[in-house]
Amino acid sequence: MENQEQQANAADALTQVIAGKLDYLSTMQAAVQHGDDRKIYELLDQVRYYQEVKKTRANRSVNHLAELVDNIHPQISHYLSDNLIDYLGHIYPFFYYEEFTTGMFHIYFGNWWDRRLFGDLDVINVRFEFDKTEYQKLRDSFGLEGQGQRLNTSKIEAISAESEKLQELVDAQTTRDNEKTKLRDQLKENSGKSSMPWESGKVKGERQDIIDQLTQLADEDEKALNAHKLIKENDDKILVLSKEDTILNYEKQSIRDAFDDFEHFEAHNASLYADYLNSLLGKSEGEVTVDD
């Protein structure tokens, strides 16, 4: 008799668990059918929803019901992306999105030539996942403005200085040729000296000094031979860096037009989840409670 009672209690407990899962899924289904994106987001992460949107704690413990739909996140993301991207288009008019696979989106900054792949859009979590390198370039570019510099100013200056030195080597070819002639004459004169044993060290030292100077001039000649190629390579590097600075200027101006400054841009990014879901509150069809 006791075993039968225990089995009945176990069956009731299991039934309640199954009922809770079915209720969660039916609530999710109803939210999709009614186009209630806000409710879908609440069901996906109740703790975050209560904390960031309602500014309160969830009124009951969370039992991981959201895990029931983990394996269909791509489809959910694809579904939710339409309204989210439409919203983002008004707030971030300079971002463009490409769904490269179901429910996953690349972010491109701008619609101009050489626009950059700037990261990904996480639709499920309403979050930008910016490329760390590209984002840091943008941040640094804003910071350097106070110093009257662009991101690549110091790099371009260093490369330009290198090219100037290479050009100086080319321009100094005649001077080097004359210097080599003088040194060779000195070397011949040194070789013809009949020095006494106590003078041989001095003569050898003079000879080695002349040879060292000729070697240095030969090295400079070799660099001069490759100078035009290296200068061309440096010009190409400067062109790439200058283009990047130009693109960054486009990006900075776009951010200023929409947010005034980089700090407000970052603040909007940080509050994007709450801002977007609050914008959906008036569109939802009322609160639907899911028992955990």
Intermediate values then yes/no, ring-ring contact (aromatic ring centres under 6.0 Å, His included), Phe95 and Phe109: CA-CA 5 Å; Phe95 282 157; Phe109 201 131; 5.2 Å; yes
Candidate pair Asp209 and Gln213, rule side chain to side chain donor-acceptor pair (under 3.5 Å), full reasoning: CA-CA 6 Å; Asp209 183 58; Gln213 292 181 61; 3.0 Å; yes
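- Counted within 6.0 Å of NE2 on His78, heavy atoms from surrounding residues, nucleotides or ligands total 12 or fewer; the atom is thus considered open.
- Using a 30° and 60° split on the angle between ring planes, Tyr250 and Trp113 fall in the perpendicular class, above 60°.
- Counting only distance, with no hydrogens or angles, the side chain of Ser160 and the backbone of Ile156 share a donor-acceptor pair below 3.5 Å.
- Remark: Glu42 engages Lys39 in a salt bridge, criterion side-chain N to carboxylate O under 4.0 Å.
- A donor atom on one side chain and an acceptor atom on the other are not found under 3.5 Å apart for Gln16 and Asp12.
- A single hydrophobic cluster is seen to contain both Leu280 and Ile91, as judged by linkage of ILVMFWY side chains at heavy-atom distances under 4.5 Å, directly or through other members.
- Under the 4.5 Å side-chain criterion, counting only non-hydrogen atoms from C-beta, Tyr97 is in contact with Ile107.
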Side chain to side chain contact (heavy atoms under 4.5 Å, CB included) evaluation trace for Asp131 with Phe118: CA-CA 6 Å; Asp131 181 279; Phe118 206 64; 5.9 Å; no
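- Between the side chain of Tyr92 and the backbone N or O of Phe265 there is no donor-acceptor pair closer than 3.5 Å.
- The main-chain N or O of Leu138 is never found under 3.5 Å from a side-chain atom of Ser141 such that the two would form a donor-acceptor pair.
- Side-chain contact of Tyr49 with Arg38: a donor-acceptor pair under 3.5 Å is present, judged by distance alone.
- Of the inter-residue distances, the one linking Leu230 atom CG with Leu166 atom CG reads 5.5 Å to the nearest 0.5 angstrom.
- Here Lys137 pairs with Glu134, Glu244 under the salt bridge (Lys or Arg N to Asp or Glu O under 4.0 Å) rule; sequence neighbours left out.
- Side-chain contact between Leu144 and Thr153 is absent, with no heavy atoms from C-beta onward closer than 4.5 Å.
- Smallest separation of non-hydrogen atoms from Asn234 and Ser163: ND2-OG, 3.0 Å.
- Around atom OH of Tyr108, more than 12 heavy atoms belonging to other residues, nucleotides or ligands sit under 6.0 Å away.
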Chi angles and distances behind the side chain to side chain contact (heavy atoms under 4.5 Å, CB included) call for Tyr41, Ile76: CA-CA 10 Å; Tyr41 277 111; Ile76 296 174; over 6 Å; no
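- Cluster membership check: Leu281 shares its hydrophobic cluster with Tyr276, using side-chain heavy-atom separations under 4.5 Å among Ile, Leu, Val, Met, Phe, Trp and Tyr.
- Leu117 and Tyr135 fall into different hydrophobic clusters, where Ile, Leu, Val, Met, Phe, Trp and Tyr residues are linked whenever their side-chain heavy atoms come under 4.5 Å apart, directly or through other members.
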Stepwise side chain to side chain contact (heavy atoms under 4.5 Å, CB included) test for Thr246 and Asp114: CA-CA 10 Å; Thr246 300; Asp114 275 3; over 6 Å; no
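- Each of Tyr96 and Met104 belongs to its own hydrophobic cluster when Ile, Leu, Val, Met, Phe, Trp and Tyr are linked at side-chain heavy-atom distances under 4.5 angstrom.
- Residue Leu65 is not grouped with residue Val17 when hydrophobic side chains (ILVMFWY) are merged at heavy-atom distances under 4.5 angstrom, including chains of intermediate members.
- For Arg115, the salt bridge (Lys or Arg N to Asp or Glu O under 4.0 Å) test picks out no residue, with sequence neighbours left out.
- Between the OG atom of Ser242 and the CD1 atom of Ile247 there is a distance of 12.0 Å, given to the nearest 0.5 Å.
- To the nearest 0.5 angstrom, Leu25 atom CG is 8.5 Å from Lys21 atom NZ.
- The shortest side-chain heavy-atom distance between Ile159 and Glu233 does not fall under the 4.5 Å cut-off.
- No side-chain heavy atom of Ile238 sits less than 4.5 Å from a side-chain heavy atom of Leu241.
- In this structure, the side chains of Gln253 and Asp257 come closer than 4.5 Å at one or more pairs of heavy atoms.
- A distance of 7.0 Å separates CG of Asn269 from CD of Glu266, quoted to the nearest 0.5 Å.
- Among all heavy-atom pairs drawn from Ala66 and Tyr24, the shortest one is CA-OH, 3.3 Å.
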Side chain to side chain contact (heavy atoms under 4.5 Å, CB included) evaluation trace for Leu43 with Val69: CA-CA 10 Å; Leu43 291 167; Val69 294; over 6 Å; no
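- The two atoms that bring Ser254 and Trp112 nearest to each other are OG-CH2, 3.6 Å, heavy atoms only.
- Note that the CZ atom of Arg127 and the CG atom of Asp120 stand 11.5 Å from one another [nearest 0.5 Å].
- Under the 4.5 Å side-chain criterion, counting only non-hydrogen atoms from C-beta, Phe262 is in contact with Arg139.
- Between the side chain of Arg48 and the backbone N or O of Asn125, at least one donor-acceptor pair lies under 3.5 Å.
- Expressed to the nearest 0.5 Å, how far CZ of Phe142 lies from NZ of Lys252 amounts to 6.5 Å.
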ring-ring contact (aromatic ring centres under 6.0 Å, His included) between Tyr87 and Tyr273, intermediate numbers included: CA-CA 12 Å; Tyr87 171 84; Tyr273 176 86; over 10 Å; no
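- Contact detail for Ser77 and Gly103: the closest heavy-atom pair is OG-O, 2.6 Å.
- The shortest side-chain heavy-atom distance between Tyr79 and Gln75 does not fall under the 4.5 Å cut-off.
- Not one N or O on the side chain of Gln7 forms a donor-acceptor pair closer than 3.5 Å with the backbone of Ala11.
- Between Ala227 and Val170, the shortest heavy-atom contact is CB-CG2, 3.5 Å.
- In this structure the side chain of Phe105 never reaches within 4.5 angstrom of the side chain of Leu84, judged on heavy atoms.
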